[in-house]
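A short write-up of the structure that comes next.
For the numbers below, each heavy atom of this structure counts, side chains included, while hydrogens, waters and symmetry mates do not. These figures come from a predicted structure and were not determined experimentally. In what follows, every chain begins at residue 1, and chains take the letters A, B, ... in the order their sequences are listed.
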2 protein chains.
Amino acid sequence: MAEKVTIADVARHAGVSRQTVSNVLNTPEVVREETRQRVLDAVEELGYRVNQAARQMRTGRSRLIATRIEPDRDGINGSVLDRFLHGLTESAARAGYRVLLYTADDDTAEIATFEDLLGAYEPDAFVLTGTHHGDIRTSWLLGRGMPFVTFGRPWGVPDGAPHAWVDVDGAAGTAAATRHLLDTGHRRIGFLGWPAGSGVGDDRREGWARTLRAAGVDPAGLDRATSDGVDDGETAARDLLESGDPATALVCASDSLALGALHAVRSPGAAVPSEDRAGPPVAVIGFDDTPVAKAVGITSLSQPLAEAATSCVTLLTRLLDGDNRTPGSSGDPHPHVLLQPSLVRRRSG
Amino acid sequence: MAEKVTIADVARHAGVSRQTVSNVLNTPEVVREETRQRVLDAVEELGYRVNQAARQMRTGRSRLIATRIEPDRDGINGSVLDRFLHGLTESAARAGYRVLLYTADDDTAEIATFEDLLGAYEPDAFVLTGTHHGDIRTSWLLGRGMPFVTFGRPWGVPDGAPHAWVDVDGAAGTAAATRHLLDTGHRRIGFLGWPAGSGVGDDRREGWARTLRAAGVDPAGLDRATSDGVDDGETAARDLLESGDPATALVCASDSLALGALHAVRSPGAAVPSEDRAGPPVAVIGFDDTPVAKAVGITSLSQPLAEAATSCVTLLTRLLDGDNRTPGSSGDPHPHVLLQPSLVRRRSG
DNA sequence: TCCGTGGGTTTGAACGTTCAAAGAGAAATA
DNA sequence: TATTTCTCTTTGAACGTTCAAACCCACGGA
């Protein structure tokens with residue numbers, strides 16, 4: 001086992017007291033230049049590293065950020081959060097924090113884990129993903145005065161954001177996709193999404209509908225709602241393509257749905273197979289730019305996940321350091337960042 | 001902020017001393033039944049939770065397991081480690097440990113991170129992934145006497161395993177795939193893999209070659225080595241299919257290569273397009289059962305990742321608790337677990 | 001000469017836990 | 001009765017750090 005170097009060892013080696021060493025590390029401006037250098041040399045020479053546990057005990061700060069790792073549900077969209085997690089780990093490290101993982105099957109279980117973690121490891125903050133209407137996790141954390149940032153907006157909250165958040169503008173994404181299809185000559189552009197009420201889903205649908213209307217196309221009857229599976233997407237797409245005046249292009253709320261849609265478009269098993277209808281093939285655009293979309297050649301909207309992670313850490317450090325500032329400072333009460341997705345063009349559209 | 005409940009609060013509330021409370025939690029058998037119950041009630045009532053930092057300071061155990069989160073290289077195979085990570089987080093939690101994340105670009109950087117983490121957070125153990133020939137990470141950890149488990153064998157180590165490990169039997173996987181193809185009537189079965197020397201790659205190639213030989217087929221000339229990209233796979237597959245006596249089926253070392261192979265097989269741009277050759281289409285089998293394989297319909301070998309993660313935690317806890325036992329106990333010096341992959345059949349083979 | 005000032009440093013205590021050892025009774029033994 | 005033994009419980013110290021306060025000393029002003 002490695003020999004443990006403490007602050008006392010450094011102090012002895014540099015011929016100063018414990019506190020001076022501590023000052024050199026935490027408030028260097030208070031130490032005389034010459035002394036500081038001597039201490040730094042000793043630190044270097046002995047390979048000293050501050051012990052987090054001891055520091056935490058005294059200061060109450062663990063320099064730990066806790067976040068949940070999701071069981072990848074359908075395997076396709078799971079990769080999104082994994083990439084976010086990787087970015088978070090990197091950004092956090094740069095800011096001097098480490099990421100602590102936990103799992104939880106639902107919001108209630110997650111809150112139980114909050115209690116557990118707060119009692120035992122005392123993370124300085126949480127990063128929540130997958131926010132939704134009536135999210136009990138955020139209210140719980142707010143009630144505790146616990147610092148946190150969400151990747152995802154606080155959906156359905158009437159008066160102002162109650163907490164810091166980072167999100168990607170889904171509506172802007174589907175709007176860009178729709179505009180792209182309009183530019184390519186499509187008019188009847190359908191939307192494949194999730195049942196109303198899901199925040200993210202409604203937002204993405206809204207971007208599509210808004211853009212169609214602006215182009216003078218009535219979106220009514222051009223959208224279908226279903227759960228987020230490949231087969232669901234295929235069924236819903238087929239339904240949309242068999243309607244009286246079928247869509248010639250589809251914007252989808254996820255790559256899973258887009259993959260399903262592609263099956264419907266390509267598969268000869270369709271009641272109205274594409275060969276029967278003259279004209280160009282039906283265009284399909286997905287959301288999230290997952291590896292699957294890339295492999296299959298689906299045009300998709302890419303979320304800037306690394307940037308989102310960095311923003312989360314930036315907001316968090318601001319929150320955590322803000323404790324020291326004047327508590328009543330009303331500037332920037334609940335900062336947020338809204339990032340733009342970008343369209344990655346592939347064969348499907 | 002939540003009120004902090006300490007062991008002293010519990011002691012006062014139950015009318016006993018600090019140490020008795022500690023004993024109830026750590027060595028209950030030493031406390032009288034009645035007292036124990038009284039303390040447990042107090043713990044419950046006050047919502048007491050042991051403070052990890054304080055405990056760590058005294059015992060030197062952090063109940064933290066550190067592991068690396070990889071930047072997903074080609075996006076396809078990345079999902080494998082993410083699923084493993086999720087399993088690890090769950091299994092660790094069940095054993096009373098939490099997972100701490102870090103990133104590192106190469107082995108040297110990873111070792112630097114070891115030093116950093118060991119000085120600051122003092123994780124009890126590491127879980128390493130992606131072992132390879134001459135892995136300097138494992139030797140570094142061994143030199144420090146630091147407990148760890150690798151997901152991946154210690155490749156190229158002559159005399160016995162120097163440390164605990166968990167792995168999936170790649171050779172058995174490709175052997176099963178090859179056998180399956182033989183059973184389907186194929187004889188000229190090719191292999192698409194990586195350049196020799198990579199441990200994992202050589203192992204997977206060996207399973208294929210061994211099985212072919214056993215069936216009386218000479219594998220010579222039937223394999224190609226390339227780097228792990230979709231385009232690389234396509235090129236290599238094309239090369240293999242254009243040879244004098246082309247393969248009728250391909251076993252691939254990864255789903256990325258398999259996807260490339262599928263392109264080569266299906267694409268009409270091939271010098272020897274499948275339509276020109278009479279007979280059934282070329283079968284393709286991948287490795288890892290990624291979401292992409294599922295989406296595209298590639299038959300692939302699935303690794304039992306959750307089980308692998310559980311095994312890692314099991315081996316770790318044995319290592320960590322083993323410290324207390326007789327140090328010279330020679331039973332089970334470096335335990336390991338070798339799991340079997342399973343073939344998931346899809347359209348491609 | 002004395003005092004106040006201020007930069008730079010040290011001292012003692014505390015964070016919450018567990019280890020090691022000591023203490024308090026009651027029961028068993030001499 | 002005195003002594004040992006045993007079970008259960010308490011006391012003091014320690015882990016490594018930082019906070020709060022005290023200390024030291026050189027300097028400038030009265």
- List in chain and number order the residues that pass salt bridge (Lys or Arg N to Asp or Glu O under 4.0 Å) with E34(B), two or more places apart in sequence or in another chain; answer none if no residue qualifies. R32(B)
- Message: Show every side chain to side chain donor-acceptor pair (under 3.5 Å) that has at least one partner inside residues 43-56 of chain A, sequence neighbours left out.
- Response: N26(A)-R55(A), R49(A)-D116(B), N51(A)-E122(B), Q56(A)-E122(A)
Within this structure, what is the [atom1]-to-[atom2] distance between [X] and [N], rounded to whole angstrom?
X	N	atom1	atom2	value
R12(B)	dT17(C)	CZ	P	12 Å
N26(A)	dA20(D)	CG	P	13 Å
L25(B)	dT17(C)	CG	P	9 Å
Q56(B)	dC19(C)	CD	C1'	17 Å

- Task: Starting from the first five and the last five pairs of the helix from dT1(C)-dA30(D) to dA30(C)-dT1(D), work out the angle between the resulting helix axes, to 10 degrees.
- Result: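 The end axes of the helix from dT1(C)-dA30(D) to dA30(C)-dT1(D) are about 70° apart, to the nearest 10°.
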Distances under 3.5 Å between protein N/O atoms and the N/O atoms of nucleotides 7-10 of chain C, please, pair by pair.
unit_1: dT9(C); atom_1: OP1; unit_2: R32(A); atom_2: NH2; d: 3.3
unit_1: dT9(C); atom_1: OP1; unit_2: T35(A); atom_2: OG1; d: 2.3
unit_1: dT9(C); atom_1: OP2; unit_2: R32(A); atom_2: N; d: 3.0
unit_1: dT10(C); atom_1: OP2; unit_2: S17(A); atom_2: N; d: 2.8
unit_1: dT10(C); atom_1: OP2; unit_2: S17(A); atom_2: OG; d: 2.9
unit_1: dT10(C); atom_1: OP2; unit_2: T20(A); atom_2: OG1; d: 2.7

For the residue pair [X] and [Y], establish whether any side-chain heavy-atom pair is separated by less than 4.5 Å.
X	Y	value
T138(A)	P162(A)	no
R94(A)	V313(A)	no
W165(A)	L315(A)	no

- Say you draw a straight line from OG1 of T67(A) to CG of L101(A); how long is it, rounded to the nearest 0.5 Å? 7.5 Å
- Taken to the nearest 0.5 Å, the spacing of L81(A) CG from I69(A) CD1 works out to 9.5 Å
- Pairs meeting criterion ring-ring contact (aromatic ring centres under 6.0 Å, His included) with involvement of residues 78-120 of chain B, two or more places apart: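 Every ring-ring contact (aromatic ring centres under 6.0 Å, His included) pair that includes a residue of residues 78-120 of chain B, provided the two are not neighbours, is F84(B)-F151(B), F114(B)-F126(B), F114(B)-W140(B).
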Review item, nucleotides 14-16 of chain D N/O atoms under 3.5 Å of protein N/O:
unit_1: dG16(D); atom_1: N2; unit_2: A54(A); atom_2: O; d: 3.4

- Message: Strictly below 4.0 Å: does S22(B) bring a side-chain N or O up to OP1 or OP2 of dT17(C)?
- Response: no
- Using side-chain contact (heavy atoms from CB on, under 4.5 Å) as the criterion, point out the one residue from L316(A), V149(A), D124(A) that pairs with I65(A).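 Of all the options given, the one that passes is L316(A).
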- NZ/NE/NH1/NH2 to OD/OE distance under 4.0 Å, R38(B) and D41(B):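 Looking at D41(B) together with R38(B), the answer is no, because their closest N to O distance does not fall below 4.0 Å.
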- Message: Under 3.5 Å, is there a donor on one side chain and an acceptor on the other for S79(B) and S79(A)?
- Response: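 There is no such pair (donor and acceptor under 3.5 Å, judged by atom type) between the side chains of S79(B) and S79(A).
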